[in-house]
Asker: 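Sharing a structure below in structure tokens format, with a few things to ask.
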Amino acid sequence: MKFYIYTLGCKVNTYESNIMRELLLNAGYIEEEPADILIVNTCTVTNTADHKSLKMVHHVRRQNPNALLIVTGCSTQNQKEIFEKDGQADIILGNQFKSKIIDYIEEYKKTKTKKTDVQDIRHVPFEKMQLKHFKGTRAFVKIQDGCNNFCSYCIIPFVRGNVRSKKEEDVLSEVKTLVQAGKQEIVLTGIHTGNYGRDIGTNLATLLHRLSTIEGLKRIRISSIEITELDADFMEELKTGNKIVDHLHIPLQSGSDEILRKMNRKYDTEFFLEKLKEIRSIRPDISITTDVIVGFPKETEALFQETIETIKKAQFSKIHVFPYSKREGTKAASMDGQIDEKTKKKRVQILLDLSDTFAYEYMRHFVNQEVEVLPEVYKEGVLVGHTSNYLQVKCKGKKTELNKRISVYVDSISYPYLEAHIPEQEK
């Protein structure tokens, strides 16, 4: 039988889709469209994400009326009743059952009975997941799940549960296997990645140090880390660990201390900016990207201007901007002073324009410089890949250079790309 998986949302979802894919391939299923079994791995981080998830389910069912349709992920964990009432899915699964996907498929093949299995995820152990292969040049490795922070706007702790970590030896074993399969770059991912190990007596810095000893592994990337998790151990590893890339994604969420307090974030802007200075004293050329939410309840124009000023001081190389999304069940959903959508949209655009300016300025530093690229895509004689600091680079090259680190000379900016050439190919 044939299968196909549609993935929405974050890197954790992408990793878990790869887990399901590998389980299905190992069981003899074939990955191909049109398929007999279709899986939609949903996202619920915003109302828009929920809408996209349900829309994807409808699209998949419409295109494949007779296929077995399985819907799983954060949106089903958050609102299983909507998917049950919708009636399109044959199997509805919560977040803790993705590694048992084969069992649910085999049961359905025997009974032809619709099933929903979504259970309380607040206090569960880490679901054992180990990948041997990963689609793409860099491989994601999920090291952690869950979040205990309960930011006032965020639904994720309710759909991902308690903080829980993969055993250190299991992470090392998985990364070694992926490196042996040809991966040179590993992206460590989780719901609260920087909190890794606190439930099992270790920490992220220790894991990074041990990973750096793996032969053949060239780059270690962290999907996201909170500013409060950049402790002395981590900073020392950033200083000495030559496999950690020159890029950190550190969510700011707001540049106003008043809004940060309402968000239940664990820092203020002064702490955030001082920590950025410390990072740049260790890695002067590092790329620091961020997330910002605009239109949080009671975010006045003056408070939004505070965010702009903080962002200018921070000098991020890119900003991911999100309009505040009211999530029922969170503290912020019942707050006074909800902001209208028109104002949110205007503020999003202001920050996106600012992000483009910062990104271009950061890229300018690398024109007429030699940089190292890991090519990920080849099309019609052109390679596209990322530098250590996550800049996208285009250059003429050969397909045989995919997934091999190459040195290129940057000629110009064709935003959002750096245009470059391989010096050796001129000879």
Side-chain angles (χ1 to χ4, degrees), residues 3-27 29 31 35 37-45 49-50 52-53 56-57 60 68-80 83 89 91-105 116-122 124-136 138-147 155-167 170-171 173-175 177-178 181 183 186-193 195-196 221-224:
F3 76 92
Y4 197 81
I5 302 173
Y6 301 86
T7 306
L8 297 98
C10 66
K11 289 182 175 66
V12 172
N13 253 15
T14 301
Y15 174 87
E16 290 170 349
S17 286
N18 271 268
I19 287 287
M20 291 188 285
R21 172 181 178 268
E22 195 163 288
L23 288 168
L24 284 159
L25 290 172
N26 290 342
Y29 293 89
E31 185 179 26
I37 301 166
L38 297 152
I39 302 170
V40 180
N41 196 1
T42 63
C43 175
T44 193
V45 70
D50 276 331
K52 285 181 178 178
S53 295
M56 177 63 79
V57 169
V60 170
L68 166 57
L69 177 55
I70 303 169
V71 184
T72 185
C74 290
S75 196
T76 59
Q77 187 72 40
N78 186 36
Q79 47 181 23
K80 68 175 182 179
F83 290 95
I91 301 174
I92 300 169
L93 298 179
N95 265 328
Q96 69 191 96
F97 300 119
K98 293 175 184 177
S99 63
K100 296 180 175 61
I101 192 73
I102 302 296
D103 295 340
Y104 288 98
I105 291 172
T116 298
D117 203 346
V118 180
Q119 298 179 17
D120 189 339
I121 201 170
R122 286 176 294 176
V124 298
F126 191 91
E127 187 178 8
K128 189 170 178 61
M129 293 181 170
Q130 293 277 112
L131 272 179
K132 292 184 178 179
H133 302 280
F134 192 94
K135 290 179 73 174
R138 67 171 64 87
F140 300 165
V141 175
K142 177 183 164 185
I143 63 171
Q144 180 275 341
D145 206 341
C147 180
I155 197 70
I156 298 304
F158 301 95
V159 298
R160 279 288 176 175
N162 54 297
V163 166
R164 53 207 187 274
S165 304
K166 183 179 289 184
K167 292 178 181 178
D170 289 345
V171 178
S173 172
E174 185 172 14
V175 172
T177 299
L178 289 165
K183 304 302 180 188
I186 298 296
V187 183
L188 302 180
T189 189
I191 299 303
H192 198 171
T193 313
N195 229 332
Y196 172 79
R221 196 177 296 278
I222 302 163
S223 60
S224 180

Asker: Just by distance, do the side chain of N13 and the backbone of G73 share a donor-acceptor pair under 3.5 Å?
Answerer: no

Asker: Please test N18 against E16 for side-chain hydrogen bond (donor to acceptor under 3.5 Å, both in side chains), starting from the C-alpha separation and ending with a verdict.
Answerer: CA-CA 5 Å; N18 271 268; E16 290 170 349; over 6 Å; no

Asker: Report the C-alpha distance between K142 and E174 in whole Å, list the side-chain angles of each, state the deciding distance to 0.1 Å, and finish with yes or no for salt bridge (Lys or Arg N to Asp or Glu O under 4.0 Å).
Answerer: CA-CA 10 Å; K142 177 183 164 185; E174 185 172 14; over 6 Å; no

Asker: Side-chain atoms of residues 3-12: list all donor-acceptor pairs with protein atoms under 3.5 Å, sequence neighbours left out, distances to 0.1 Å.
Answerer:
| from | atom 1 | to | atom 2 | distance (Å) |
| --- | --- | --- | --- | --- |
| Y6 | OH | E33 | OE2 | 2.6 |
| T7 | OG1 | S17 | OG | 2.7 |

Asker: Who are the ring pair (Phe, Tyr, Trp, His ring centres under 6.0 Å) partners of F83, not counting sequence neighbours?
Answerer: none

Asker: Decide yes or no for I155 and N78: does some side-chain heavy atom of the first lie under 4.5 Å from some side-chain heavy atom of the second?
Answerer: yes

Asker: Within the structure provided, determine whether Q119 and F97 are in side-chain contact (heavy-atom separation under 4.5 Å).
Answerer: yes

Asker: At their closest point, which heavy atom of E22 faces which heavy atom of L131, and how far apart are they?
Answerer: OE1-CD2, 3.5 Å

Asker: When rounded to the nearest 0.5 angstrom, what distance separates SG in C147 from CZ in R164?
Answerer: 11.0 Å

Asker: Quick check against the 3.5 Å criterion: does D117 have a side-chain atom that pairs as donor or acceptor with the backbone of G94?
Answerer: no

Asker: Determine, step by step, whether T72 and V40 satisfy the side chain to side chain contact (heavy atoms under 4.5 Å, CB included) criterion, reporting the C-alpha distance in whole Å, the side-chain angles of both residues, the deciding distance to 0.1 Å, and the verdict.
Answerer: CA-CA 6 Å; T72 185; V40 180; over 6 Å; no

Asker: Roughly how far apart are I105 CD1 and I91 CD1, rounded to 0.5 Å?
Answerer: 6.5 Å

Asker: Of I92, I101, T76, which meets side chain to side chain contact (heavy atoms under 4.5 Å, CB included) against I70?
Answerer: I101

Asker: In Å, rounded to the nearest 0.5 Å, how long is the span from NZ of K98 to CE of M20?
Answerer: 5.5 Å

Asker: I'd like to know whether L178 forms a side chain to side chain contact (heavy atoms under 4.5 Å, CB included) with K132, so could you lay out the CA-CA distance, the side-chain angles of the two residues, the decisive distance to 0.1 Å, and finally the verdict.
Answerer: CA-CA 6 Å; L178 289 165; K132 292 184 178 179; 5.9 Å; no

Asker: Taking atom OG1 of T44 and atom CG of D50, what is their separation to the nearest 0.5 Å?
Answerer: 3.0 Å

Asker: I would like to know whether I37 and Y29 meet side chain to side chain contact (heavy atoms under 4.5 Å, CB included); could you show each step before the answer?
Answerer: CA-CA 9 Å; I37 301 166; Y29 293 89; 3.4 Å; yes

Asker: What pairs with S99 under side-chain hydrogen bond (donor to acceptor under 3.5 Å, both in side chains), at least two apart in sequence or on another chain?
Answerer: E127

Asker: Please find the pair of heavy atoms, one from M129 and one from K166, that lie closest to each other, and give the distance.
Answerer: O-NZ, 2.9 Å

Asker: Given side chains that start at C-beta, do those of Q130 and D170 come closer than 4.5 Å, heavy atoms only?
Answerer: yes

Asker: Pair V141, T189 - check side chain to side chain contact (heavy atoms under 4.5 Å, CB included), show working.
Answerer: CA-CA 6 Å; V141 175; T189 189; over 6 Å; no

Asker: Specify the closest pair of heavy atoms between K135 and K183, including all atoms of both residues, with the distance to one decimal.
Answerer: C-NZ, 4.5 Å

Asker: When you measure from the side chain of S53 to the backbone of T42, do you find a donor-acceptor pair of N or O atoms at a distance under 3.5 Å?
Answerer: no

Asker: Looking at every non-hydrogen atom in both residues, tell me the closest pair between N95 and C74 and how far apart they are.
Answerer: ND2-SG, 3.3 Å

Asker: Could you state the interatomic distance from CG (L188) to CD (Q144), rounded to the nearest 0.5 Å?
Answerer: 11.5 Å

Asker: Please give me the minimum heavy-atom distance between T193 and S224, naming the atom from each residue.
Answerer: CB-O, 3.5 Å

Asker: Taking atom CD1 of I121 and atom CZ of R160, what is their separation to the nearest 0.5 Å?
Answerer: 6.5 Å

